[in-house]
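Below is one structure; the comments refer to it alone.
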Protein chains: 2
Amino acid sequence: MALAAMTSSRRTSRPTLSDIARALDLSEATVSRALRGSPIISEQTRTDVARVARELGYVPNAAARSLARQASHTLGLLVPDVTDPVHGMIVAGFGQAAAAAGYTVLMLDGVREDRRRASALRTLREHQAQGVAFCSAPVSPEEAAEALRPAHAVFVLPEWTGADAEDRPLGRIRADDAVGIHLLVEHLLATGRQRFSYVNGPDIASNRLRRGSILRALEAQHVEPRIREFSASLDRAEIDAVARLAARERPDVLMCYDDKLALHLLDALRNVGLRVPQDVAVTGFDGIPFAAVANPRLTTIEQPAEQMGARAAEALIAAIESGAPPQDQLLPVRLAVRESSLSGRAGNG
Amino acid sequence: MALAAMTSSRRTSRPTLSDIARALDLSEATVSRALRGSPIISEQTRTDVARVARELGYVPNAAARSLARQASHTLGLLVPDVTDPVHGMIVAGFGQAAAAAGYTVLMLDGVREDRRRASALRTLREHQAQGVAFCSAPVSPEEAAEALRPAHAVFVLPEWTGADAEDRPLGRIRADDAVGIHLLVEHLLATGRQRFSYVNGPDIASNRLRRGSILRALEAQHVEPRIREFSASLDRAEIDAVARLAARERPDVLMCYDDKLALHLLDALRNVGLRVPQDVAVTGFDGIPFAAVANPRLTTIEQPAEQMGARAAEALIAAIESGAPPQDQLLPVRLAVRESSLSGRAGNG
DNA sequence: TTGTAAGCGTTATCAA
DNA sequence: TTGATAACGCTTACAA
């Protein structure tokens with residue numbers, strides 16, 4: 001008996017329920033109940049168990065619990081690139097909300113790469129994730145279905161808008177890009193800009209959506225949507241090319257897919273001698289912190305990224321615990337007007 | 001029998017080993033061995049099992065495996081703030097290296113806050129993390145010990161340099177700050193800067209270390225270490241105060257704790273009318289991507305942050321699998337000279 | 001209020 | 001080469 005006890009405590013070197021039970025001469029079942037605050041346990045037992053658990057430094061084993069309960073209390077979060085400020089904020093918000101609700105997060109990064117995405121999905125299945133959020137990730141319907149099997153899913157940014165979206169336990173958390181863009185276009189028109197151009201980001205849904213919103217916003221303002229489009233990923237050569245084109249064509253505004261792109265473009269414009277905002281206005285999208293301290297400070301549409309992450313986790317958890325599919329949500333954005341789009345043009349057209 | 005099968009497959013809705021075993025009329029043990037490529041399995045059985053597993057969409061249950069093997073294959077990563085570019089890169093590198101080695105990462109954010117740090121450590125114990133990395137996190141010796149119990153630990157940035165470091169299974173992954181700072185000081189002296197000042201970041205070990213290195217580097221260059229220190233967290237009011245002080249005292253250089261601080265200071269200096277680098281040089285530390293496109297582009301010391309994360313994971317895994325404590329590592333840095341520290345001073349002293 | 005025992009999905013030990 | 005069987009640590013009927 002004593003030997004068994006030693007052996008068992010040596011083997012894992014972590015105290016278990018049965019260590020507590022043995023110390024108090026109780027059954028494991030009673031200890032388990034006491035630890036989780038079951039109402040049918042006597043006050044005496046409860047305090048005894050709590051004390052011994054503390055003394056022993058007992059912490060429940062998540063794997064065992066997951067197995068016994070048939071619930072992992074684990075959420076998956078798929079991210080294309082954690083080093084991106086927006087994704088970082090989503091991750092932060094998601095993690096905080098999940099932790100607050102007692103859920104563990106498996107954050108898998110780099111899922112733009114096929115192999116890593118596949119491995120991430122497999123990891124989530126192995127760990128029996130009860131819900132998964134796709135953060136701006138290009139997931140195919142097949143993959144989504146695969147990831148979901150019995151789980152719930154939420155798309156934080158609307159990368160996937162598959163036709164069969166209705167059949168699946170999906171929810172979408174989005175920022176109200178359209179409204180933000182409407183405000184932005186209004187502001188730009190008000191400051192006298194006329195020849196608009198849009199600088200495309202990578203060819204993903206959010207880029208297409210923003211681009212579409214710009215066209216619609218211009219129409220709504222009865223501006224002929226004479227929009228010149230430029231294409232640039234974050235590849236530096238492409239951005240330089242856009243800057244050179246802009247120097248030649250002289251649009252009034254360069255509306256960029258996102259802040260990161262805009263900040264790099266600002267740098268490229270400096271190289272070709274175009275002044276912002278005197279020669280051309282530049283706007284971003286997202287509201288990342290560095291946009292506020294760029295030189296010139298960048299006009300942008302601020303998304304509540306951290307809140308979006310938190311909402312995603314909450315939606316997932318609510319869905320898991322209620323059994324109902326996660327709810328869609330549309331969060332408000334805010335236009336931050338800064339130097340890069342001020343009027344006072346030098347008039348070059 | 002058929003009923004039992006249905007019941008069992010309904011209950012979890014995920015196929016298990018026994019589903020495969022039943023389908024092929026084999027034992028679970030054999031299926032388990034076949035799946036993991038045990039050499040003592042017949043070719044026939046192996047292919048049969050693989051086929052059925054694929055058909056059924058079988059994925060092993062991590063919780064069950066962790067329990068049976070007494071090894072979670074899980075690593076913990078404690079991060080103060082994922083939205084910080086440096087931390088983001090560490091997280092990215094760590095995650096990639098861990099995944100490549102078949103380990104799952106539990107990334108816990110916001111651990112600067114006491115409560116979240118405590119909860120993070122508990123989560124890691126619950127999940128039986130076999131190793132944990134503290135990324136620039138202010139951990140107390142007690143907490144570290146608590147986190148470690150039977151696990152291994154690596155400190156990615158040297159926040160904790162406790163006296164009893166020797167007794168514990170610790171390893172430190174650091175960038176060679178001292179060398180970088182030496183190069184930086186040399187460069188600044190070569191461009192004619194004389195009155196140095198250091199802008200302190202938060203009062204954490206890495207700040208103290210960088211500060212110390214600057215003093216030593218100045219001494220080594222036989223420059224009287226007349227260094228004026230300023231204090232600024234990322235609180236905007238403090239940064240503005242530093243800018244005003246700088247406008248009054250006119251040091252030749254403002255060496256900042258890190259890039260983030262430097263970028264904000266650049267903005268503040270613009271407000272008080274100080275030109276960089278004509279009136280004062282500004283340098284950062286870390287080499288975050290936005291430093292390269294700031295206006296003026298920021299001179300900085302580039303740390304291989306992503307590589308540091310990867311090394312941390314690798315060191316942890318090596319330690320786990322060999323049983324030896326993790327190895328210390330010192331990674332090289334690189335001085336990136338950019339506009340913010342160019343010579344051509346307007347001569348104001 | 002507490003205990004007994006079965007089970008969760010794997011792996012590992014021993015036999016066969 | 002394969003099969004029983006006993007863990008792994010916890011939860012949960014069902015009994016007492």
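By convention in this document, chain letters (A, B, ...) are assigned in the order of the sequence lines, proteins followed by strands, and residues within each chain are numbered from 1. When reading the values below, keep in mind they use all heavy atoms of this one structure, side chains included, and skip hydrogens, waters and symmetry mates. Computed from a prediction, not measured in an experiment: that's the story for all the values here.
Between I40(B) atom CD1 and dA16(C) atom C1' the separation is 13 Å, expressed in whole Å. Across the protein-nucleic acid pair, R125(A) atom CZ and dG9(C) atom P stand 14 Å apart, rounded to whole Å. One can place CG of L35(B) at 12 Å from C1' of dG9(C), the figure rounded to the nearest angstrom. If you measure from atom CZ of R22(B) to atom C1' of dG3(D), you get 16 Å, rounded to the nearest angstrom. As a whole-Å value, the separation of E126(B) CD from dC8(D) P is 21 Å. Rounded to whole angstrom, the span from the CG atom of N61(A) across to the C1' atom of dG9(D) amounts to 6 Å. Summarising the geometry, the separation between CG on D19(B) and P on dG9(C) is reported as 9 Å, rounded to the nearest angstrom. Remark: P of dC8(C) and CZ of R14(B) are 16 Å apart, rounded to the nearest angstrom.
The stretch residues 41-53 of chain B touches DNA chain D through I41(B), S42(B), T45(B), each having a heavy atom under 4.0 angstrom from the strand.
Residues satisfying the side-chain contact (heavy atoms from CB on, under 4.5 Å) criterion with S72(B), sequence neighbours excluded, are S66(B), T74(B), Q128(B), Q130(B). Take S42(B) and apply the side chain to side chain donor-acceptor pair (under 3.5 Å) test, not counting sequence neighbours, and it matches T45(B). Scanning for side-chain contact (heavy atoms from CB on, under 4.5 Å) contacts around A53(B) gives I20(B), L35(B), Y58(B), with sequence neighbours left out. With sequence neighbours excluded, the residues forming a side chain to side chain donor-acceptor pair (under 3.5 Å) with T104(A) are H127(B), listed by chain and number. Contacts of A64(B) classified as side-chain contact (heavy atoms from CB on, under 4.5 Å), with partners at least two apart in sequence or in another chain: L67(A), N61(B). Partners of A21(A) according to the side-chain contact (heavy atoms from CB on, under 4.5 Å) rule, which considers only residues two or more places apart in sequence or in another chain, are E28(A), V31(A).
Salt bridge annotation for E126(A)-R122(A): present, with a cationic side-chain nitrogen under 4.0 angstrom from a carboxylate oxygen.
Residue pairs meeting the salt bridge (charged side-chain N to carboxylate O under 4.0 Å, His left out) criterion with at least one partner in residues 30-49 of chain A, sequence neighbours excluded, are E43(A)-R46(A), D48(A)-R51(A). Screening residues 305-321 of chain B for salt bridge (charged side-chain N to carboxylate O under 4.0 Å, His left out) gives no qualifying pairs among residues at least two apart or on separate chains. Applying the ring pair (Phe, Tyr, Trp, His ring centres under 6.0 Å) test to pairs two or more places apart or on separate chains, those with a residue in residues 103-122 of chain B are H73(B)-Y103(B).
With dT2(C), dG9(C), dG3(D) as the choices, the nucleotide that has an atom nearest any side-chain atom of Q70(A) turns out to be dG9(C).
Under a 3.5 Å cut-off, the side chain of D109(A) and the backbone N or O of A92(B) do not form any donor-acceptor pair.
Residue T16(B) has no polar side-chain atom (N or O) positioned under 4.0 Å from OP1 or OP2 of dG9(C).
Comparing D25(B) and L67(B) against DNA chain D, the residue whose closest nucleotide sits nearer the 5' end is D25(B).
Rounded to 10°, the angle separating the first-five-pair axis and the last-five-pair axis of the helix from dT1(C)-dA16(D) to dA16(C)-dT1(D) equals 40°.
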Query raised in the report: Once each nucleotide of nucleotides 11-16 of chain D is scored for protein heavy atoms under 4.0 Å, what B/S/- sequence comes out, 5' to 3'?
Result: BBB---

